[in-house]
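What follows is one structure encoded as structure tokens, with my remarks underneath.
Quick caveat: nothing in here was measured; it's all calculated off a predicted structure.
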Amino acid sequence: MDLAPPRGTQDLLPDRADAMLGLYEAAHSTAHLYGFRYVETPTFEHTELFSRTSGDTSDVVTKEMYTFQDKGGRSLTLRPESSASVVRAYITHAQELPNPFKGYYVGSEFRHGRPQAGRLREFRQFGVEVIGVEGAAADVEVVALGERYVRERGLREYVLHLNSIGDGNCRPAYRERLVDYLEPYRDRLDEDCRIRLSKNPLRVFDCKVDGGKDFVIAAPTIADHLCEPCGIHLGEVRAGLDEEGIAYLLDPRLVRGLDYYTRSVFEWVSSALPSEQSSTMNAGGRYDGLAEALGGPPTPGVGFAMGLDRVLLALEAEGATLPPARGPRCFVVAIGGEAETAGRSLVADLRGEGVAAAASYEQRPLKAQLRMADRAGAAFVAILGEQEIADGTVTLKQLSDGSQRSVPTADLVSWLNRTDGWAD
């Protein structure tokens, strides 16, 4: 039996799992700071939810969905993204939810693609959605939340890209002009882009094969073809970002791979990540057409989805401080039969005071228990032997530098909670 995880997936084990847990917790705290409420949607949905909303030319639908039939013959798909699921849930429960609705999620998504660093088949995302607000203030808040998250994690080597892709009023005319321009170059496009040219020509700009070709770069962009409302909306988003002090690059060739986006789109691109295909850490935009695509009433929305695996890779690439390991604060080392009983009591007392504590389940030599403490990621060991029990003390050892001192057992919690090291 092959015990390796399936291709494109990975085990997260300490200390890397601790770092990812830190990113999860930061996502919860940042979202709560901005007034967002946590939501969970099913790991798998009816396939139609994604095929109707993502568009039949998107890579998600044509190449990347994990789709299967259940025992009842129903077609189900592991969620490749969560915006459609959140909006579906909102439409279903709109009468019970506040308006506007501000929700966020943290969880796994699934897409079948060629695995590489930062591009897994099971990947972790932190996403936020504001549903029910048409004005630019919602776009600005979503961007500000995402910017705050990456900045407070310690990332610096990234650029926020911003664009507007218009709406149903101005995009059709621009689409015709773009097709007229690209049609003479059809034979120079790969098969995927020829299909996109017929069904969704804006997506030629983000084609991995043809997007960087000279004639594509020279193509007209929608920036010069926005209708007045879309132009005003983009101006308001830019003004709001300026007011927030958030720098951005206006990128007229930025589009989205999913069909439900309208008006503002944005993404954070890291220069620290080595692969151009995996350098986008966070992407999002406005999706005012998504609710209608699901059969609901017209309902504006805006959000982002941040790839936490890529955020972790970017932190490592920049040499930023990673979220700390989560080993026990104190590992109690008991030497001798009498000390074992006292050690179990001490572990219980520490946990009762809110101090993370652990100990060996079995009697082992001192060196073996110290190795256990080190592998457990403990910050300190509290050694109990006959002398310590007689004196009412423990020998407290800091594993980071090996320094140690005798501490009264009654003062152990205060010593473990100190933030000034061994200073008296």
Side-chain angles (χ1 to χ4, degrees), residues 3-5 9-29 106-108 117 120 122 124 126 152-155 308-335 339-340 342-385 388 393-407 409 411-423:
L3 297 180
T9 67
Q10 62 179 350
D11 296 316
L12 281 179
L13 302 172
D15 294 328
R16 192 172 181 82
D18 292 333
M20 183 61 74
L21 179 59
L23 296 182
Y24 292 162
E25 291 176 347
H28 290 294
S29 62
V106 180
S108 292
L120 298 171
E122 179 185 13
R124 297 146 191 87
F126 162 39
E152 290 187 344
R153 305 288 70 74
L155 292 176
L308 295 180
D309 303 278
R310 294 185 184 180
V311 170
L312 183 54
L313 288 174
L315 287 170
E316 293 170 333
E318 289 194 29
T321 301
L322 297 180
R326 302 298 184 91
R329 183 68 173 167
C330 183
F331 194 100
V332 176
V333 173
I335 308 300
E340 282 190 56
R344 288 193 295 270
S345 177
L346 181 57
V347 168
D349 290 343
L350 290 174
R351 291 171 177 170
E353 294 292 332
V355 177
S360 173
Y361 292 114
E362 302 169 328
Q363 185 174 356
R364 294 195 175 188
L366 172 62
K367 287 186 177 180
Q369 293 189 60
L370 291 176
R371 285 195 298 270
M372 291 177 65
D374 185 57
R375 290 184 178 181
F380 296 89
V381 293
I383 302 172
L384 271 176
E388 283 84 3
T393 64
V394 299
T395 298
L396 185 62
K397 182 175 183 178
Q398 186 169 253
L399 290 181
S400 61
D401 59 10
S403 58
Q404 65 182 44
R405 64 167 58 202
S406 179
V407 173
T409 304
D411 297 337
L412 179 58
V413 171
S414 62
W415 272 98
L416 291 172
N417 287 333
R418 292 178 77 155
T419 59
D420 57 353
W422 296 109

Only pairs under 3.5 Å count here: list side-chain donor-acceptor contacts from residues 355-362, not counting sequence neighbours, and write none if there are none.
| residue | atom | partner | partner atom | Å |
| --- | --- | --- | --- | --- |
| Ser360 | OG | Glu362 | N | 3.1 |
| Ser360 | OG | Glu362 | O | 2.6 |

Rounded to the nearest 0.5 Å, how far does CG of Asn417 lie from CG of Asp411?
12.0 Å
Indicate yes or no: at least one non-hydrogen side-chain atom of [X] is less than 4.5 angstrom from one of [Y].
X: Arg124; Y: Leu312; value: no
X: Gln10; Y: Leu12; value: yes
X: Leu350; Y: Val413; value: yes
X: Leu308; Y: Val106; value: yes
X: Val381; Y: Asp374; value: no

Listed by chain and number, what are the side-chain contact (heavy atoms from CB on, under 4.5 Å) partners of [X], not counting sequence neighbours?
X: Ile335; value: Val333, Leu366, Gln369
X: Ala368; value: Arg364, Pro365, Arg371
X: Ser345; value: Asp349
X: Ala342; value: Leu384, Ile389

Minimum heavy-atom distance between [X] and [Y], given as atom pair plus value:
X: Ala339; Y: Gly385; answer: CB-CA, 4.3 Å
X: Leu315; Y: Arg153; answer: CD2-O, 3.3 Å
X: Ala382; Y: Leu412; answer: CB-CD2, 4.3 Å
X: Leu313; Y: Ala117; answer: CD1-C, 4.0 Å

Show me the donor-acceptor pairs, under 3.5 Å and distance only, between side chains in residues 13-23 and residues at least two apart or in other chains.
| residue | atom | partner | partner atom | Å |
| --- | --- | --- | --- | --- |
| Arg16 | NH1 | Glu316 | OE1 | 3.2 |
| Arg16 | NH1 | Glu316 | OE2 | 2.4 |
| Asp18 | OD2 | Arg326 | N | 2.8 |

Dump the intermediate steps for side-chain hydrogen bond (donor to acceptor under 3.5 Å, both in side chains) on Thr395 and Gln404, then the final yes or no.
CA-CA 7 Å; Thr395 298; Gln404 65 182 44; 5.5 Å; no
Enclosure of Arg375 CZ (heavy-atom neighbours >12, cutoff 6.0 Å)
no
Would you check if the side chain of Arg329 reaches a backbone N or O of Leu416 as a donor-acceptor pair within less than 3.5 Å?
yes
